[in-house]
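Okay, handing you the structure first.
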There are 4 protein chains.
Amino acid sequence: MAWANQYRRSDESRRAILDAALAQCREVGYESVSIEAVARRAGAGKQTIYRWWPSKGVLLLDAVVSLGSDSESFPDTGDVVADLTAQMTRAARTMSSPTIGPVLFGLLGAAHHDTALAERLDRDLLGPRREACVARLRAARERGELAADVDETLLMEQLYGLLYYRSLVIRKPPTSAYVRRHVAGLLGGHAGRPRARRKD
Amino acid sequence: MAWANQYRRSDESRRAILDAALAQCREVGYESVSIEAVARRAGAGKQTIYRWWPSKGVLLLDAVVSLGSDSESFPDTGDVVADLTAQMTRAARTMSSPTIGPVLFGLLGAAHHDTALAERLDRDLLGPRREACVARLRAARERGELAADVDETLLMEQLYGLLYYRSLVIRKPPTSAYVRRHVAGLLGGHAGRPRARRKD
Amino acid sequence: MAWANQYRRSDESRRAILDAALAQCREVGYESVSIEAVARRAGAGKQTIYRWWPSKGVLLLDAVVSLGSDSESFPDTGDVVADLTAQMTRAARTMSSPTIGPVLFGLLGAAHHDTALAERLDRDLLGPRREACVARLRAARERGELAADVDETLLMEQLYGLLYYRSLVIRKPPTSAYVRRHVAGLLGGHAGRPRARRKD
Amino acid sequence: MAWANQYRRSDESRRAILDAALAQCREVGYESVSIEAVARRAGAGKQTIYRWWPSKGVLLLDAVVSLGSDSESFPDTGDVVADLTAQMTRAARTMSSPTIGPVLFGLLGAAHHDTALAERLDRDLLGPRREACVARLRAARERGELAADVDETLLMEQLYGLLYYRSLVIRKPPTSAYVRRHVAGLLGGHAGRPRARRKD
DNA sequence: CATTAAACGAGACGGTACGTCTCGTCTTTGC
DNA sequence: GCAAAGACGAGACGTACCGTCTCGTTTAATG
């Protein structure tokens, strides 16, 4: 995090603002979050928010990033299917958490009309996870766990796609069993040498 | 459409309002659409909007539904892969259209805190497409084009998942070639008897 | 008054706003009157104030004019000294009233940097009283109560001058005895034919 | 000047602040002067202003007092009419100067709700001039230039009254000819022994 | 037909929030 | 070791919309 800025005076107020923003979003929904209400709730002046964050979107992005939940690094135990299932399950849980879910989906919508927000969203939140997933898939392919001709990017997007579809579009977060079938089905179709060690 | 209400006086004004709402959304983004501006743009009184629509979300949902683009019925030529590819490509195009995209993604976000909107969104827009897709997959399975143990719902969600992931999350709509590989890959993994007639 | 505007909807709210403005000014002083507080106190929306009054100054001017105290017409009993003494005493009382005083002095100050306010102030409040005074003095001169070469404008300004000096500059409103001596002294210096009928 | 305080560190910054305050008042009007803007303009820290002046009013009073224009001492050539005319003309010029006028009128208004300011205003600015005027009139009476029963205080207030009336209320500063007629008229009405040496 | 009830455009109303500015206090930093 | 710079909580500025509420004016359907 580029934060812990040496020019900022009160780190206490920064935390209060981020927490208030998250709480507000959880309670009233992304669209109804107002800087006014966040300031009131945080016991901060509005100017303090406007001084450090250019928009509601960036504020909420920072707030969610500052939580640091849902580590972006993928486990690598040597078993792709297991590793991906674990990570996807974790991601699904994060997306459907009442604190992070509303923020995330609000940000995704807002990013469509706010270029600056879109960039920061990719840089700070989405990009790293995407790349970590692709990297994990590549490692598996190089070890022969996946077919040599597999398209890791497409695979990654299919993997994440269902998660977003269930959490965002359908608003029915997948059970972990469902995630397991999802991952196994997708990777099974591209199995490499020993047809994967797992039996699903 | 339940519309074409016999109590409504001016169908002209209804169209003007829906068009104004879509235009406004395309120009300023979902969140910044205001009833005030829509009324002004449509040359209508605010009360006329509030009389017929309970919220901005429902107004925009109606507006997008009234466009009727992206037919919900799936083609059935006997070739699942071809049919699904065609329909998915059409869906991808719709999602990334500058008129419909912003509305759709705004609605998806808003639905997270507006139950009434969520229901209408499912009923009028998402549900029918989902069911049509499942029905088409079921038909294919029954004809032996897909393995007997295939889970059509999961498959449908994987199919749509990528589209939403690319259009909504990544904001880089898939090319039709990409969609083709996506569909072929997914269905190929669950091929039935004659391993599908297509050679991809 | 050009008021009782046919485009205004709620005359009730107009009165509430004017009263709130006066009360506020009496309590916190002209400079500290805020539109925000007036609106809050009147139970009105800020926009309602901004819709009808261009500035705090004009609002307070309207408020004080709407009180209509301190009639602008001078009595004419045939005795200039008595008539002017009466009117000047009335004016002094008005200027030093806790409701009108602060408003008036605030307006006079503000008019120095607000041309529009200055014009309305002259038109609605100061001008008529000035002219009425000059007219009364002219009538006296024509009847021979005052010397034929008297300068009514200068005399009027001297008459009012002391009132403003005491009320505004010194902040010690003149007693009515003082006003009587003031008027008698000034007019005595310009006595006409019968050296005025009064013996003071 | 009671200033040139030995506790003050930088006299340079004091001057810069006073000048900035005057300039600001001339440009934007008394009411719109803000400590913030004065500090910015003077290149000073806000705290430096708050440290030495309790309020905007006192700051501006100090600023105008520090100019020292419009000497408070009345000339005494032996001719009251001439002396008072000279001093009143000087006072009128001061009041209508674009630098001092706005400050003075703002202070007079503010004094109505700021007791501390009112006292300092009287002590540092108004009182001395008033007393000097009364003293000059008393000297004239004692020399027989004015009638023995003249009320010097009333006369002084009439003399100054017109000046304030013209400068502050009417916003049309008197010409020097007008001031001459004003003074001559007032004093003529109370002439003592030799009907004054001047022939006006 | 005339009557009449409603839907219409317009926009005032009491409000909330916007993003900016200033208040007066408090803290840091650089000269 | 002080003063500039400026962050801070607070709250007013004037504007934009919210959703409700009259206003007169169409406009259709009825009696």
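Naming convention: chains lettered A, B, ... in sequence-line order (proteins, then strands); numbering from 1 in each chain. What's counted below: heavy atoms across the whole structure, side chains too, no hydrogens, waters or symmetry copies.
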Write down the distance between CH2 (A:Trp52) and C1' (E:dG19), rounded to a whole number of angstrom.
18 Å

Salt bridge B:Arg41-B:Glu36, side-chain N to carboxylate O under 4.0 Å
no

For a quick test of reading the model: is some side-chain N or O of C:Thr48 closer than 4.0 Å to OP1 or OP2 of E:dG14?
yes

Hey, mind stepping through B:Arg171 and A:Leu121 against side chain to side chain contact (heavy atoms under 4.5 Å, CB included) and telling me if it holds?
CA-CA 12 Å; B:Arg171 291 175 307 280; A:Leu121 184 57; 4.3 Å; yes

Would you list the atom pairs, donor with acceptor, under 3.5 Å between side chains in residues 103-111 of chain B and any protein atom, with sequence neighbours excluded?
none

Only one of A:His113, A:Lys56, A:His112 forms a side-chain hydrogen bond (donor to acceptor under 3.5 Å, both in side chains) with B:Glu31, so which one is it?
A:Lys56

Side-chain N or O of C:Arg51 less than 4.0 angstrom from OP1 or OP2 on E:dA12?
yes

Please state how far atom CD in B:Glu31 lies from atom P in E:dA17, giving the value in whole angstrom units.
14 Å

Provide, to the nearest angstrom, the distance between the CD1 atom belonging to A:Ile17 and the C1' atom belonging to F:dA10.
14 Å

Spacing of CG belonging to A:Asp114 relative to CZ belonging to A:Arg120, to within rounding of 0.5 Å
10.5 Å

Listed by chain and number, what are the side chain to side chain contact (heavy atoms under 4.5 Å, CB included) partners of A:Gln47, not counting sequence neighbours?
A:Tyr50, A:Arg51

Integer-rounded Å distance: F:dC18 P and B:Trp53 CH2
15 Å

To the nearest angstrom, the CZ-C1' distance between A:Arg14 and F:dA7 comes to 16 Å

What's the CG-C1' distance between A:Asp11 and E:dT27, to the nearest Å?
15 Å

Just N and O in the side chain of B:Ser13: are any of them under 4.0 Å from OP1 or OP2 of E:dA7?
no

Between C:Arg15 and C:Asp19 (salt bridge meaning N to carboxylate O under 4.0 Å), is one present in this structure?
yes

Quickly work out the D:Glu12 CD to F:dA4 C1' distance and round it to whole Å.
13 Å

A:Arg41 CZ to F:dG9 P, in whole Å, measures 17 Å

For nucleotides 15-17 of chain F, which of its nitrogen or oxygen atoms have a protein nitrogen or oxygen under 3.5 Å away, and what is each distance?
unit_1, atom_1, unit_2, atom_2, d
F:dC17, OP2, B:Arg40, NH2, 3.0

